[in-house]
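Down below is the structure, laid out as structure tokens.
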Number of protein chains: 2
Amino acid sequence: MRAGVSVGTVSNVLNRPELVAEQTRERVNATIAELGFVRNDSARQLRVGRSRTLGLVVLDVANPFFTDVARGVEDLANQEGLAVILCNTDEDPRKESSHLDLLAEMRVQGVLINPIDVSDGRIKALRERGTPVVLFDRMGDPTVECSVAVDDVLGGRLALEHLIENGHRRMLFVGGPFTLRQVQERYDGAMDAIEASGADVEMGVMTTPALNVVGGRLAGDRIAASGAPPSAVFCANDLVALGVLQALTHAGLRVPADVAIVGYDDIDFAAAAAVPLTSVRQPRQLLGRTAAELLLAETTETEHAHRQVVFEPELIVRDSSTLPTRT
Amino acid sequence: MRAGVSVGTVSNVLNRPELVAEQTRERVNATIAELGFVRNDSARQLRVGRSRTLGLVVLDVANPFFTDVARGVEDLANQEGLAVILCNTDEDPRKESSHLDLLAEMRVQGVLINPIDVSDGRIKALRERGTPVVLFDRMGDPTVECSVAVDDVLGGRLALEHLIENGHRRMLFVGGPFTLRQVQERYDGAMDAIEASGADVEMGVMTTPALNVVGGRLAGDRIAASGAPPSAVFCANDLVALGVLQALTHAGLRVPADVAIVGYDDIDFAAAAAVPLTSVRQPRQLLGRTAAELLLAETTETEHAHRQVVFEPELIVRDSSTLPTRT
DNA sequence: GCCGTAGGATGAATCGTTTCATATTTTCCT
DNA sequence: AGGAAAATATGAAACGATTCATCCTACGGC
């Protein structure tokens, strides 16, 4: 080679610099810089057997939840010198399949996935070929895989405990469809809190077709039109809560004086709403980071015990559920 | 091999199936399925010379602008069977550098980047090694690279034309710092519109330390406290606009009756605000998709002429700048 | 002066595909 | 039937790094 050195030595300079004499090392480095040499990662990969990438498969990056998770993942990956391959499935099993196939061909170090269907054979196949898979926002089988999630039941409980504590007795849960695990669990948690309180609490349910602002607005219109609004509304997520807030305000009801509102997710905009929204916050970035950590642990450790990490959400109290401090 | 066939034939089945007899093809495919064989992409890559990935380098995916761009990029990449490698720079040139280095080692097909510094030598180096680079949301040198951007000057003009048309004459621009290209250009566009109108329009400027809700809220408080509010406020982005809206409403000023507001970006929550926000919308997903298209064109075409695509933003009129239709 | 040793450098084998020149078989035409 | 042409299949070379057994050299001890 140009520096009067064999390729083996160059490889050593790059990977185990302590093995090579300082003088040679410097000469090689100088030549590398001079020629603008860039190692070909495919060749390295082929020899070593695995790539320096990790796959992240989510429903949709445009969803702020996944966006933050992706940030967390990327941060850790970055720190470890790994690259992140981003895949959106849009809840389409065919897309998920084809993404997983591509990731398998690439021999990624591991896959972080929010699976559409936990029992998908393709995930099992991946793992059987030796690629660690970590599930997030979904529980897996503890004997074969790691997973990270946030306790939605606890989140629902926190919300209702807060409302009950503040004296509310006539409540309404707004959200849907209940086929979404999140909706069901948040509702379950809410009911748990009611039961545990022992108080005489009434809890209605108003289902929405989807967890978005429009759904919330329609629900809010119905609440206002009913003539007998509840004293507090717990919404399955912040978008719904914002919709409800908007409709109620528009109908002349005051929040929180007439109706208190608690949302879920603590999206950025929750704090910026017309009436800052009380909401249940999930440690989203941490979720992603932890998932990535578990993945790396699985590739590194010889004796790896799969872990199911469950984070606790946190209630962020703002004006929408308490008497406003301003004014 | 197991199917009684040479490796060369297997390769043909995978890559040029029309060359191989149907019978053989089926037998090979059956064996592949049976053995769960997965092609090793590193080896393929090594032979072919480039990978089936493309790098996307943004300031921060958590920023909704980049999130949508990423979606657009991913959609096209997906369609072409490519994977997207996501990199966040956080405006740190060192992070940008190290990401670009990694992408170079990976021999990505190309890089889509929102560069911190357009004149960074590393981008030039990448291109010189034969990796196409497309800039987005930033103009490049038309002789060496493609770029896609949205015309912020036009966006500013659209906003002000709308306000002038609606009879407003005492205006205020809220945003900052002016070192951000976006802020400066949106302001320039606004001034262009005023000049072009020939009307006697007054335009004040209130700078904010950052383009966020807090900055907007502070600005809104100052506007309310001044005693002589303008009849319309044009904000450099929606977050600022939401902050202003919140502060004005809180101070008892009615929007749009007392003060009209126009924002910029048309983020999801613009429509969901207490008073739905008039805003300038950028075709963000299309921006990403187009950038990816240009990149692929550059890798495909023999005679590639670099193009600078500039998209036109669109004014979305809602209640915050017109007399409300609902009541 | 000889030998053992340790620190450095070397180069061939290897990873798993793709590609291409060549070999083999089949088809078709006269 | 004979032979040219078309259709298939083959196998070896190549891609560019890593790895490891081997080799070289200098040095110290006896």
Side-chain angles (χ1 to χ4, degrees), chain A residues 1-53 81-83 101-109 126 129-131 299, chain B residues 1-53 81-83 101-109 126 129-131 299:
Chain A
M1 212 192 126
R2 170 91 165 251
V5 150
S6 83
V7 290
T9 305
V10 175
S11 179
N12 282 335
V13 171
L14 257 31
N15 303 306
R16 281 126 50 179
E18 72 283 2
L19 285 190
V20 58
E22 182 165 341
Q23 204 185 347
T24 324
R25 201 189 324 148
E26 276 174 9
R27 191 153 38 90
V28 172
N29 278 326
T31 314
I32 284 179
E34 186 190 333
L35 299 182
F37 169 84
V38 175
R39 170 170 51 200
N40 183 325
D41 202 57
S42 346
R44 161 208 263 262
Q45 229 171 94
L46 173 58
R47 189 67 243 260
V48 174
R50 59 199 164 97
S51 73
R52 283 171 12 187
T53 56
L82 299 173
D101 285 347
L102 193 54
L103 292 175
E105 290 196 357
M106 292 186 157
R107 301 291 192 271
V108 291
Q109 291 223 351
L126 248 187
R129 268 196 309 269
T131 309
T299 62
Chain B
M1 210 190 126
R2 170 93 164 248
V5 150
S6 82
V7 289
T9 306
V10 175
S11 178
N12 283 335
V13 170
L14 257 32
N15 303 306
R16 281 124 52 176
E18 72 284 359
L19 285 189
V20 56
E22 184 167 338
Q23 207 186 346
T24 324
R25 203 190 319 150
E26 277 174 9
R27 192 155 36 92
V28 173
N29 278 325
T31 314
I32 285 178
E34 187 189 331
L35 299 182
F37 168 84
V38 175
R39 169 171 51 202
N40 183 323
D41 203 57
S42 348
R44 161 208 263 264
Q45 231 174 92
L46 172 58
R47 190 65 243 258
V48 175
R50 61 199 163 99
S51 74
R52 282 169 15 185
T53 55
L82 299 172
D101 285 348
L102 193 55
L103 292 174
E105 289 197 357
M106 293 187 156
R107 301 293 193 270
V108 291
Q109 291 222 350
L126 248 188
R129 269 196 309 270
T131 309
T299 63

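Letters A, B, ... are given to chains in the order of the sequence lines, protein chains preceding strands, and every chain is numbered from 1. These numbers were taken from a predicted model, which means no experiment stands behind them. Just the heavy atoms: all of them, side chains too, but no hydrogens, waters or symmetry mates, feed the values below.
Taking only side-chain atoms of B:Val7, from C-beta outward, the nucleotide of C:dT18, C:dG8, C:dT10 with the closest atom is C:dT18. Side-chain proximity of A:Thr9 to the nucleotides D:dT19, C:dT10, C:dT17 is greatest for C:dT10. The side chain of A:Leu46 lies closest to C:dG16 when the candidates are C:dG16, C:dA9, D:dA17. The A:Asn12 side chain lies nearest to C:dT10 when the options are C:dT10, D:dT10, C:dA9.
Under 3.5 Å, the side chain of B:Arg47 and the base of C:dT17 form no donor-acceptor pair of N or O atoms.
Nearest-nucleotide positions on DNA chain C place A:Gly8 closer to the 5' end than the other of A:Gly8 and B:Asn40. Place B:Ala21 and A:Val48 on DNA chain D by their nearest nucleotides, and B:Ala21 ends up nearer the 5' end.
Remark: C1' of D:dA17 and CZ of A:Phe37 are 8 Å apart, rounded to the nearest angstrom. Atom-to-atom, CD of A:Gln23 to P of D:dT25 comes out at 16 Å; the value is rounded to the nearest Å. Distance B:Leu35 CG to C:dG16 P: 15 Å, rounded to the nearest Å. A:Leu14 places its CG atom 9 Å from the P atom of D:dA17, with the value rounded to the nearest Å. As rounded to whole Å, 17 Å separates atom P of C:dT26 from atom CD of B:Glu22. A straight line from CZ of B:Arg107 to C1' of D:dA17 spans 11 Å, rounded to a whole angstrom. The distance between atom CG of B:Leu19 and atom P of C:dT24, rounded to the nearest whole Å, is 20 Å. When the C1' atom of D:dA17 is taken as reference, atom CG of A:Asp41 falls 10 Å away, rounded to whole Å.
A salt bridge does not link A:Glu105 with B:Arg44: every distance from a Lys NZ or Arg NE/NH1/NH2 to an Asp or Glu carboxylate oxygen is 4.0 Å or more. Comment: A:Asp41 does not engage B:Arg107 in a salt bridge, judged by the lack of any side-chain N to carboxylate O separation of less than 4.0 angstrom.
In this structure, the separation between CG on A:Leu103 and OG on A:Ser51 is 9.0 Å, given to the nearest 0.5 Å.
Close to D:dT18, at under 4.0 Å from its OP1 or OP2, lies a side-chain N or O of A:Arg44. Note on A:Thr24: every side-chain N or O is 4.0 Å or more away from OP1 and OP2 of C:dG8. Regarding contacts with the backbone of C:dT19, a side-chain N or O of B:Arg16 is found under 4.0 angstrom from either OP1 or OP2.
Across all strands, B:Asn15 comes closer than 4.0 Å only to sugar-phosphate atoms, never to a base (heavy-atom distances). Residue contacts for A:Arg50: at a heavy-atom cut-off of 4.0 Å it reaches no nucleic acid atom on any strand shown.
Counting all heavy atoms, side chain and backbone alike, B:Arg129 lies closest to B:Ala104 at NH2-CB, 3.2 Å. A:Ala83 and B:Met106 make their closest contact through CB-CE, 3.7 Å (heavy atoms, listed as atom of the first residue, atom of the second, distance).
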